[in-house]
Amino acid sequence: IHASTAKIATNIQQMRSSNQLAIAQLKDEIRLLHQEVQEARRSQTTDPSSESRQRINGRMEEFIKKNASFSVLLVVVRNLDGLQNCYSANVIDSGLRSFQSRFENILPSSAIVGRWARDQFAAILSTRPGNAIEMSSEVVRKLSEPFLEKEKGGTQSIVFNPRAGIIEFSSGSDSAKFQAKIKQLADALSA
């Protein structure tokens, strides 16, 4: 009986050790899968705006080098996270493309419009600040109207909640401080 009990205890200890090893391996695999999923999400969320943001930054640098004054109209979609719970990714992406297109159509043809981040859009305006402020009110009003997006034969109405702000760059200003002001404005509009 003692020998059998000792053998059973040894077998139980070996089973526990092998189970702990299997659990540790599973945890490690789960951690690696989570990292891969997060990387995939990051690449999806940054891809639509990264080229556009570089293009906008390039145009701003051109204005700065020319020592020209300009304004940046920044629009933030505040309800994007909530909409992702209600609509498919395809509807959201299509809606954001329509949002950008409508934004471009509201502004003068001389405006340079692009995606600043997944939920942010920027326009470079060469108009006076007073005109830009008036434009921002019109932009928010028109971008708050519903967008009709088609998916799988049906039409869905999606309503974005935009907020807008203006940052003016005066000739001779510091470009690094200007970029910091744009970030501050984006943070304030997102809050």
Side-chain angles (χ1 to χ4, degrees), residues 40-64 68-129 131-169 178-191:
R41 283 185 183 159
R42 270 189 232 123
S43 69
Q44 286 177 347
T45 58
T46 56
D47 283 347
S49 60
S50 62
E51 287 181 30
S52 181
R53 187 171 182 159
Q54 289 173 356
R55 184 175 55 85
I56 292 171
N57 278 332
R59 294 292 292 168
M60 283 192 291
E61 288 301 319
E62 288 176 21
F63 278 111
I64 291 169
S69 297
F70 63 94
S71 298
V72 173
L73 171 59
L74 188 66
V75 177
V76 175
V77 177
R78 296 187 60 194
N79 62 337
L80 188 58
D81 290 337
L83 291 173
Q84 289 175 334
N85 295 329
C86 301
Y87 299 97
S88 70
N90 291 337
V91 169
I92 296 290
D93 289 340
S94 176
L96 289 172
R97 284 190 299 275
S98 298
F99 186 93
Q100 182 174 345
S101 178
R102 186 182 291 177
F103 185 32
E104 290 172 357
N105 291 331
I106 296 168
L107 299 172
S109 60
S110 62
I112 297 134
V113 178
R115 202 114 171 231
W116 190 254
R118 176 152 172 77
D119 62 344
Q120 299 171 9
F121 298 82
I124 301 173
L125 306 169
S126 56
T127 61
R128 293 178 314 173
N131 292 346
I133 291 170
E134 285 179 31
M135 253 187 258
S136 71
S137 299
E138 180 74 6
V139 163
V140 169
R141 187 180 66 73
K142 287 187 176 180
L143 291 176
S144 296
E145 295 172 1
F147 290 84
L148 299 177
E149 300 300 327
K150 294 184 181 191
E151 181 183 45
K152 297 179 184 173
T155 302
Q156 296 192 23
S157 176
I158 184 168
V159 178
F160 294 106
N161 179 11
R163 282 185 72 188
I166 301 277
I167 295 285
E168 181 187 358
F169 181 84
F178 182 69
Q179 288 288 344
K181 286 181 182 179
I182 292 175
K183 182 172 180 354
Q184 288 174 344
L185 177 62
D187 292 342
L189 294 173
S190 296

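All values below come from the heavy atoms of this structure, side chains included, with hydrogens, waters and symmetry mates left out. Everything numeric in this text was worked out from a predicted model, so none of it was measured.
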Next item on the list: Mind checking side-chain hydrogen bond (donor to acceptor under 3.5 Å, both in side chains) for S69 and listing every partner two or more places apart, or none if nothing turns up?
Entry: none
Note to self: Which residues pass the side-chain hydrogen bond (donor to acceptor under 3.5 Å, both in side chains) test with Q100, not counting sequence neighbours?
What the structure shows: E104
Check: What pairs with N90 under side-chain contact (heavy atoms from CB on, under 4.5 Å), at least two apart in sequence or on another chain?
Finding: S88, E151
Pairs of donor and acceptor atoms involving the side chains of residues 183-190, under 3.5 Å and at least two apart or interchain, shall be tabulated with distances.
residue: K183; atom: NZ; partner: D187; partner atom: OD2; Å: 3.1
residue: S190; atom: OG; partner: A186; partner atom: O; Å: 2.9

Check: Can you name the side-chain contact (heavy atoms from CB on, under 4.5 Å) partners of S110, sequence neighbours left out?
Finding: P108, S126
Next item on the list: With rounding to the nearest 0.5 Å, note down the distance linking CE in M60 to CD in Q179.
Entry: 4.5 Å
Next item on the list: Please name all residues satisfying ring-ring contact (aromatic ring centres under 6.0 Å, His included) with F103, sequence neighbours left out, ordered by chain then number.
Entry: none
Item checked: For S101, all residues meeting side-chain contact (heavy atoms from CB on, under 4.5 Å), sequence neighbours excluded -> N105
Notebook entry, point to check: If you take all heavy atoms of L73 and S136, which pair is closest and at what distance?
Noted result: CD1-CB, 3.5 Å
Checklist line | With sequence neighbours excluded, residues passing ring-ring contact (aromatic ring centres under 6.0 Å, His included) with F178 | finding: F70, F169
Checklist line | Parallel, tilted or perpendicular: ring planes of F99 versus F121, cut at 30 and 60 degrees | finding: tilted
Checklist line | Step-by-step side-chain contact (heavy atoms from CB on, under 4.5 Å) determination, W116 to N57 | finding: CA-CA 9 Å; W116 190 254; N57 278 332; 3.3 Å; yes
Margin query: For the CD1 atom of I124 and the CD1 atom of I56, what is their distance to the nearest 0.5 Å?
Written below: 6.0 Å
Note to self: Before you tell me yes or no, could you show the steps for D81 and D119 under side-chain contact (heavy atoms from CB on, under 4.5 Å), namely the whole-Å CA-CA distance, both residues' side-chain angles and the distance that decides it to 0.1 Å?
What the structure shows: CA-CA 9 Å; D81 290 337; D119 62 344; over 6 Å; no
Next item on the list: Could you walk me through whether V140 and V75 pass the side-chain contact (heavy atoms from CB on, under 4.5 Å) test, one step at a time?
Entry: CA-CA 8 Å; V140 169; V75 177; 5.7 Å; no
Check: Do you know the tightest heavy-atom contact between S144 and V159?
Finding: O-CG1, 3.5 Å
Check: Looking at residues at least two apart in the chain, or sitting in another chain, which of them share a side-chain hydrogen bond (donor to acceptor under 3.5 Å, both in side chains) with E138?
Finding: R141, K142
Check: Does N161 offer a backbone N or O that forms a donor-acceptor pair with the side chain of N79 under 3.5 Å?
Finding: yes
Item checked: Set of residues satisfying side-chain contact (heavy atoms from CB on, under 4.5 Å) with respect to R97, sequence neighbours excluded -> D93, S94
Check: Given the rule in the side-chain contact (heavy atoms from CB on, under 4.5 Å) test, do I167 and L74 qualify, once you have shown the distances and angles that lead to the verdict?
Finding: CA-CA 8 Å; I167 295 285; L74 188 66; over 6 Å; no
Notebook entry, point to check: CD1/I158 to CD1/I92 distance, rounded to the nearest 0.5 angstrom?
Noted result: 3.5 Å
Next item on the list: Identify, with sequence neighbours excluded, every residue that meets side-chain hydrogen bond (donor to acceptor under 3.5 Å, both in side chains) alongside R55.
Entry: none
Next item on the list: Kindly say whether F147 contributes a backbone atom to a donor-acceptor pair with the side chain of R102 at under 3.5 angstrom?
Entry: no
Next item on the list: Identify the two heavy atoms, one from E149 and one from S98, that lie closest to each other, and give their separation to 0.1 Å.
Entry: OE2-OG, 2.8 Å
